[in-house]
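Report on the structure given below.
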Number of protein chains: 2
Amino acid sequence: MLSKKTRYAIKALVILGKNFGEAPMQISKIASEEHIPKKFLEQILLDLRNAGLLYSKKGAGGGYGLVKDPAEIFVVQVLRLTGGPVALLPCVSLNFYQKCDECSNEATCGVRDVFLEVRNATLKILSETSIADIISREGLLIQNTGV
Amino acid sequence: MLSKKTRYAIKALVILGKNFGEAPMQISKIASEEHIPKKFLEQILLDLRNAGLLYSKKGAGGGYGLVKDPAEIFVVQVLRLTGGPVALLPCVSLNFYQKCDECSNEATCGVRDVFLEVRNATLKILSETSIADIISREGLLIQNTGV
DNA sequence: TACAAAGTATATAGATTTAGTAGACTTTTA
DNA sequence: TAAAAGTCTACTAAATCTATATACTTTGTA
């Protein structure tokens with residue numbers, strides 16, 4: 001399961017994606033629109049800023065905005081920045097690799113092999129899906145459900 | 001990430017799968033071969049037994065064994081029995097469903113839609129892969145690595 | 001120039017989950 | 001009847017996650 005931190009980060013990037021090109025958006029606005037605790041969101045946005053995904057502007061009329069086009073920000077990046085590993089086992093994780101201490105031979109471990117397959121399938125989707133894709137999917141879903 | 005509990009359960013089922021058809025195997029043997037804390041493994045095997053996957057035999061010469069052929073036990077079952085949800089978001093989980101409290105409309109949520117796709121891909125692999133498959137993969141890996 | 005708006009930074013608390021341990025009990029076999 | 005082996009419940013320690021608190025800095029504007 002993804003952590004709240006990761007989920008909030010994605011939500012925030014989506015709303016900032018919709019706002020791309022406009023004036024920066026305030027934390028409190030994002031927090032209230034997406035029902036995210038403000039103080040928690042502050043930390044998350046700061047992380048995303050320090051990672052180079054967002055710019056920030058202090059003072060009156062300040063706020064946060066996307067540095068890049070939402071079509072160039074992929075979900076997998078967000079997971080990694082917020083500490084959510086893609087893999088289900090540490091021994092098949094690219095960015096959070098750790099040896100399974102109960103495993104005697106990684107190279108011939110059948111369990112690992114299965115979860116390598118799962119990781120590859122997941123990674124494919126998450127590294128091909130951008131924030132812009134999420135936004136356009138919402139458009140499609142709204143059409144289809146007739147809301 | 002899968003919990004240790006889930007990982008240990010899979011490992012235990014694999015070793016019991018290799019032993020299928022033979023006399024029951026003792027917890028302590030499984031624990032020492034797979035480097036799993038014995039007391040912890042006891043609880044896990046008991047769960048798997050209560051779920052109908054294993055039979056047990058008390059007393060001298062007792063132990064655990066698979067009830068069904070390893071080809072009929074699928075990885076997804078093990079995840080679910082040991083509390084490891086397949087989905088990365090509670091709102092796309094079939095067996096551990098929960099509403100995202102920060103989400104206003106599930107039906108039109110683009111984030112959910114992406115993770116629905118991920119869940120489907122994962123589920124496909126895990127529900128098609130059996131304990132017997134894991135065992136035969138190990139055979140192939142041993143050949144390929146020349147160990 | 002002072003004040004309010006807004007982000008920055010660090011620390012900490014509370015809750016939950018996970019991993020593992022302990023100990024007493026029951027059943028079975030030799 | 002003693003030893004082997006599983007059963008059951010409770011507990012604890014550690015880690016992690018989520019959220020809050022507090023004090024600080026920067027910026028715009030009246």
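Chain letters run A, B, ... following the sequence lines, proteins first, then strands; residues in each count from 1.
Here the C1' atom of nucleotide C:dG7 and the CG atom of A:Asn50 are 12 Å apart, to the nearest Å. Protein atom CG of A:Leu45 is 13 Å distant from nucleotide atom P of C:dA9, rounded to whole Å. When rounded to the nearest whole Å, the span between CG of A:Leu16 and C1' of C:dG7 equals 14 Å. For the pair A:Asp47 CG and C:dA9 P, the computed distance is 11 Å after rounding to whole Å. As a whole-Å value, the separation of B:Leu54 CG from D:dA5 P is 18 Å. The CZ-P distance, from B:Arg7 to C:dT18, rounds to 13 Å in whole Å. Whole-Å rounding puts the A:Leu2 CG to D:dT16 C1' distance at 16 Å. Regarding B:Leu46, its CG atom lies at a distance of 17 Å from the P atom of D:dA5, rounded to whole Å.
A salt bridge is defined here as a Lys NZ or Arg NE, NH1 or NH2 lying under 4.0 Å from an Asp or Glu carboxylate O, and B:Arg49 with B:Glu42 fails to meet this definition.
Checking the phosphate oxygens (OP1, OP2) of D:dG28, no side-chain nitrogen or oxygen of A:Lys58 falls inside 4.0 Å. Contact check, A:Tyr8 against D:dT18: no side-chain N or O comes under 4.0 Å of OP1 or OP2. Using a 4.0 Å cut-off, no side-chain N or O of A:Ser56 falls inside it from OP1 or OP2 of C:dA6.
The side chain of B:Arg49 lies closest to D:dC8 when the candidates are C:dG7, D:dA19, D:dC8.
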Residues A:Val86, A:Val76; criterion side chain to side chain contact (heavy atoms under 4.5 Å, CB included); working and verdict: CA-CA 8 Å; A:Val86 172; A:Val76 67; 4.0 Å; yes
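Looking at A:Ser32, its side chain does come within 3.5 Å of a backbone N or O of A:Ser28 through a donor-acceptor pair.
In this structure, B:Tyr64 has its ring center at least 6.0 angstrom away from the ring center of B:Tyr55.
Place A:Gln43 and A:Gly61 on DNA chain D by their nearest nucleotides, and A:Gln43 ends up nearer the 5' end. Position along DNA chain C of the nearest nucleotide to A:Gly59 versus B:Ser3 favours A:Gly59 as the more 5'-ward residue.
A donor-acceptor contact under 3.5 angstrom links the side chains of B:Asp133 and B:Ser130, judged on distance only.
Between B:Gln98 and B:Cys91 the shortest side-chain heavy-atom distance does not fall below 4.5 Å.
For CD of A:Glu72, the number of neighbouring non-hydrogen atoms (other residues, nucleotides, ligands) closer than 6.0 Å is greater than 12.
Within 4.0 Å (heavy atoms only), B:Tyr55 reaches no atom of the nucleic acid at all.
Of the residues in residues 17-42 of chain A, A:Pro37, A:Lys39, A:Phe40 come within less than 4.0 Å of DNA chain D through at least one heavy atom, sorted by number.
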